[in-house]
Amino acid sequence: MAAAPAPRGCGATSFQRKAAAGSRLAAVSGTRPSVRHGQLLLSSGLPSLDCVLGGGIAVGTLLLIEEDTYGLYSNLLFKYFLAEGVVCGHDLFVASAKEHPDNILKELPAPLLGDTYRNELREETTAVKSEEFQDAMKIAWRYQNLPKMETSPTTSTKFGHYYDVSKRMSPELFQSVKQHRFYLPEELSSQPEMRTWNMNSAYARLLQSIQRIIYQEGFDGSDPQKKQKTILRIGIQSLGSMMWGDDICSSDTPEDVHSLTKFLYVLRGLLRKSLSACIITVPAHLIQNKAIMERVTNLSDTVVGLESFIGSERETNPLYKDYHGLVHVHQIPRLNSLICDVSDTKDLAFRLKRKLFTIEVMILTSDAHDEMVILHIANFKNRLDQI
């Protein structure tokens, strides 16, 4: 017997829109759909960075981190990305030519998952808020209306977590997820020399390893019933350095100028058709040929640069006394749109507190402004005296 038709009262209709197959991806652990472009997002492991990038990292995209001079802070972001994958139950693929992946995993920061851990940060968070209140009394007028960024633990959230950089993640936690490792010295010693896709041996081996994991583990969607859906987080450390067999960091006219760009081109193709996301750190400050770096940027989806104050004049500059470096957002992808999600705030800086690494809007206090004016006046007078 046919069911009775639905009553046609105020706005009632019997039409039901069929949900798209892709909408089921929102149920993947550690992800959420973007409210702007509908793309599935995952957290970078740093909520303040997610805020800058428009909500997080889109699945199927590549995040390129331009390393700071000594690689201290870029390595920290690299570990945040992997640590978030562990907490969310994602599979990990860790590749390095310098540090063994086992050592990288052992040094992942400890997540702040319970009230016990949050109570440990209560004292530090209170001190930070006290500093921010005092700064607000001195802040320059042009910064008063800037949007606030999420930099410290507030309420529990299902998307993105906070981590204590002073503690290491327990071995039981990171061993609970599936891990895939690629350590270049071991790969070179176990297999004969190879060169495919017209790129150097190290990049070819790495691509084959990533491709094998994506296909065998079903991240390409070829066997959706094989297992519960999850994300493959790929982390590649210091790509383009001499340890990868590339000479773009040692010569202005490298012999193999296209190996890195070919690698990124093929890698993006693999990412686009799989449930995966990748973070790559690159020593951009060592790449002498700027045309190569421009091509690397164009072949990446999101590009973020870190500029550390260590060893520079800004380290002793009163203007930057509250920060450890600057954050430069060079590129954000255009996803299902003609324009990209560009952050409204341009002056971004980072600082490493006792337990937290945060990205914040850089503000200029009145005291620092006065000191800078006095410094500039003194420099100007010295120049006049020399004339």
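Position 1 is the first residue of the sequence, and the numbers go up from there. Note that the coordinates shown come from a computational prediction; the quantities given were computed from them, not determined experimentally.
- Under the 6.0 Å distance and 45° angle rule, R32 counts as a cation-pi partner of F159.
- Residues P109 and K79 form a side-chain contact, since some pair of their non-hydrogen atoms from C-beta on lies under 4.5 Å apart.
- In the hydrophobic cluster analysis, where Ile, Leu, Val, Met, Phe, Trp and Tyr join through side-chain heavy atoms closer than 4.5 angstrom, L207 is grouped together with I280.
- Side-chain atoms of H330 do not come within 3.5 Å of backbone N or O of V304 as any donor-acceptor pair.
- Note: N75 CG to I104 CD1 = 7.0 Å, rounded to the nearest 0.5 Å.
- Between the T358 side chain and the E360 main chain, no donor and acceptor come within less than 3.5 Å of each other.
- A donor-acceptor pair under 3.5 Å links the side-chain atoms of D247 to the main chain of E255, judged by distance alone.
- Between the S48 side chain and the I359 main chain, a donor and an acceptor come within less than 3.5 Å of each other.
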- Apply side-chain hydrogen bond (donor to acceptor under 3.5 Å, both in side chains) to H90 and R233, showing your working. CA-CA 7 Å; H90 299 163; R233 287 185 179 240; 3.0 Å; yes
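- Contacts of Y183 classified as ring-ring contact (aromatic ring centres under 6.0 Å, His included), with partners at least two apart in sequence or in another chain: H100.
- In this view, D102 and R181 satisfy the salt bridge (Lys or Arg N to Asp or Glu O under 4.0 Å) rule, not counting sequence neighbours.
- Without hydrogens or angle criteria, T297 side chain to M293 main chain gives a donor-acceptor distance under 3.5 Å.
- Side-chain atoms of R205 and S201 include a donor-acceptor pair closer than 3.5 Å.
- Side chains of D220 and S274: a donor-acceptor N/O pair is absent below 3.5 angstrom, by distance only.
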- Could you please spell out the steps behind the side-chain contact (heavy atoms from CB on, under 4.5 Å) verdict for L42 and I231? CA-CA 9 Å; L42 52 83; I231 302 294; 3.6 Å; yes
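- When only modelled atom types and interatomic distance are considered, T281 and E67 share a side-chain donor-acceptor pair under 3.5 Å.
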- Task: Using the ring pair (Phe, Tyr, Trp, His ring centres under 6.0 Å) rule, take Y163 and Y80 through it: C-alpha gap first, then chi angles, then the decisive distance, then the call.
- Result: CA-CA 8 Å; Y163 298 87; Y80 269 125; 5.7 Å; yes
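- Listed by first then second residue, pairs satisfying ring pair (Phe, Tyr, Trp, His ring centres under 6.0 Å) with a partner in residues 233-259 number zero, not counting sequence neighbours.
- Using a 4.5 Å cut-off on side-chain heavy atoms (C-beta onward), L326 and H328 make contact.
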